[in-house]
Number of protein chains: 2
Amino acid sequence: MARMSDADSASASVSDPESDCRGCADPAAAFAAHDHRHCAGDVLARAEALVAAGGVRLTPVRRRVLEILLEEHRALGAYDVLKRLAAEGFGNQPPVAYRALDFLAENGFVHRIRRLNAFAACMHPGEDHAPVFLICRNCNAVAEMPAAPVRAALGAAAADLGFAVERTTVEAMGLCPACCKSEAAP
Amino acid sequence: MARMSDADSASASVSDPESDCRGCADPAAAFAAHDHRHCAGDVLARAEALVAAGGVRLTPVRRRVLEILLEEHRALGAYDVLKRLAAEGFGNQPPVAYRALDFLAENGFVHRIRRLNAFAACMHPGEDHAPVFLICRNCNAVAEMPAAPVRAALGAAAADLGFAVERTTVEAMGLCPACCKSEAAP
DNA sequence: TCTATGTATGTAATATAATAACATGTCAAG
DNA sequence: CTTGACATGTTATTATATTACATACATAGA
Ligand SMILES: [Zn+2]
Ligand SMILES: [Zn+2]
Ligand SMILES: [Zn+2]
Ligand SMILES: [Zn+2]
């Protein structure tokens, strides 16, 4: 897939859903305006391919939870997800939501944002990653950022102490580009 | 958790409490056996100096909460802290613990470990820092590690996306040196 | 086909974590 | 002494998450 400049992806993806916009999967465009239905459909398709290959099942509840998180395009609490499920005829007890979310998280389709006690759809399922999350304190947008440099720094420093890192939680609270501007000129 | 009581008894023979051991404040020694009463007393003294200079008050509850976290030498939940406070005659309702913990966290004397929904005493109060936490999944020991390299990598990558980082949560789950060994040879 | 088995879902009950709202106490400045 | 700021105590409620058990569903042998 050809990668577009920031300007292009911002404008083209809004006007032309059929373009090869990488949308949320592209860190540089994660905070930019774009047609998110495109990203969502793409991610969902990839998820289905992955579960087929992996021998696990994307059952109706699980699939619907993933869809909900993709549609919302932000982090949702387990009980928010549960409310929607219940409204659609699924069970209305916490384990229904938590089990689906846990399954999706274990299989890399959603991430847990500890700072928010919430869950967000992963925008690059299959690409094994322990991403960094950028959370805008103003508009609550959440974006995934490549974690390689951060993880390298972390792992190296920990190894010096003899500590073996297995999993990491890296979350940054701050202001997204849009909110940065609006705060500078209110 | 049993780990540090072992360490405490062992450290008396290993190191001299009156030496200038940096104990937990030294990342390289954070997981090593040492006389932790030394670190605790030192940190508490520094905390008192800092509040005096800062115009805030280290009241009995607040001081006791800090002591408890220093004595325990691991992350404690707010309700664990509360139980101890109640047993000592302080209030026994959640806000008592949360208020003290919030105060201590705001003033840099304790850190919140989001992964554990818990709080741990800071081992270098006053030194403004947003540390990295290393959490042993086996013995629950928690150590602070310098975050400079990690934060640099994080801030740079975020800046490329136009995101202004204000606060970070960086926590690594894994095995501490001691548990690494015991897991290798069970 | 029919059952056995594992897995997924539904539900009730409970545990754990955090906050809101308001009353009371403490202490120093005026 | 009064006042105002801050700290603590208490009640109640909300939010988040898990345990335990019952039921449904798939699907692999017999
Ligand atoms: Zn998107
Ligand atoms: Zn924003
Ligand atoms: Zn120590
Ligand atoms: Zn350990």
Please determine whether side chain to side chain contact (heavy atoms under 4.5 Å, CB included) holds for the pair V56(A) and F103(A), giving the CA-CA distance in whole Å, both sets of side-chain angles, and the decisive distance to 0.1 Å.
CA-CA 10 Å; V56(A) 291; F103(A) 168 88; 4.0 Å; yes
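Across the protein-nucleic acid pair, D102(A) atom CG and dT16(D) atom C1' stand 13 Å apart, rounded to whole Å. Distance CZ (R115(A)) to C1' (dT16(D)): 17 Å, rounded to an integer number of Å. Distance D80(A) CG to dT16(D) C1': 11 Å, rounded to the nearest Å. Straight-line distance from the CG atom of L85(B) to the P atom of dA7(D): 17 Å, rounded to whole Å. Rounded to an integer number of Å, the gap from R114(A) CZ to dT16(D) C1' is 12 Å. One can place CG of L116(B) at 14 Å from C1' of dT16(C), the figure rounded to the nearest angstrom. For the pair L82(B) CG and dA15(C) C1', the computed distance is 15 Å after rounding to whole Å. In this structure, L76(A) atom CG and dA15(D) atom P are separated by 15 Å, rounded to whole Å.
Between dA20(C) and R99(B), no contact under 4.0 Å exists linking OP1 or OP2 to a side-chain N or O.
Look at D80(A) and K83(A) and you find a salt bridge, because one of the NZ, NE, NH1 or NH2 atoms lies within 4.0 Å of a carboxylate O, short of that distance.
At a threshold of 4.0 angstrom between heavy atoms, the contacts of R112(B) are confined to the sugar-phosphate backbone, with no base atom among them.
Judged by atom type and distance alone, Y79(B) does not reach the base of dA15(C) through any side-chain donor-acceptor pair under 3.5 Å.
Partners of T169(B) according to the side-chain hydrogen bond (donor to acceptor under 3.5 Å, both in side chains) rule, which considers only residues two or more places apart in sequence or in another chain, are R115(A).
Among residue pairs with one or both ends in residues 51-66 of chain B, those qualifying as salt bridge (Lys or Arg N to Asp or Glu O under 4.0 Å) are E48(B)-R63(B), R63(B)-E67(B), R64(B)-E67(B), R64(B)-E71(B), R64(B)-E88(B); sequence neighbours excluded.
In the set dT10(D), dT11(C), dA17(D), dT11(C) carries the atom at the smallest distance from any side-chain atom of N92(A). Closest contact between the side chain of P95(B) and the listed nucleotides dT11(C), dT19(C), dA17(D) involves dT19(C).
Taking both residues in full, the closest heavy atoms of A75(B) and I113(B) are given as CB-CG1, 4.2 Å, listed atom of the first, atom of the second, then distance. The minimum heavy-atom distance linking N140(A) with R74(A) is given by the pair O-CB, 4.5 Å.
Closest-nucleotide positions on DNA chain D for N117(B) and P94(B) were compared, and the one nearer the 5' end corresponds to P94(B).
Open room surrounds CZ on R167(A); 12 or fewer heavy atoms of other groups in view lie less than 6.0 Å from it.
Listed by residue number, R57(B), T59(B), V61(B), R62(B) are the residues of residues 53-68 of chain B with a heavy-atom contact under 4.0 Å to DNA chain D.
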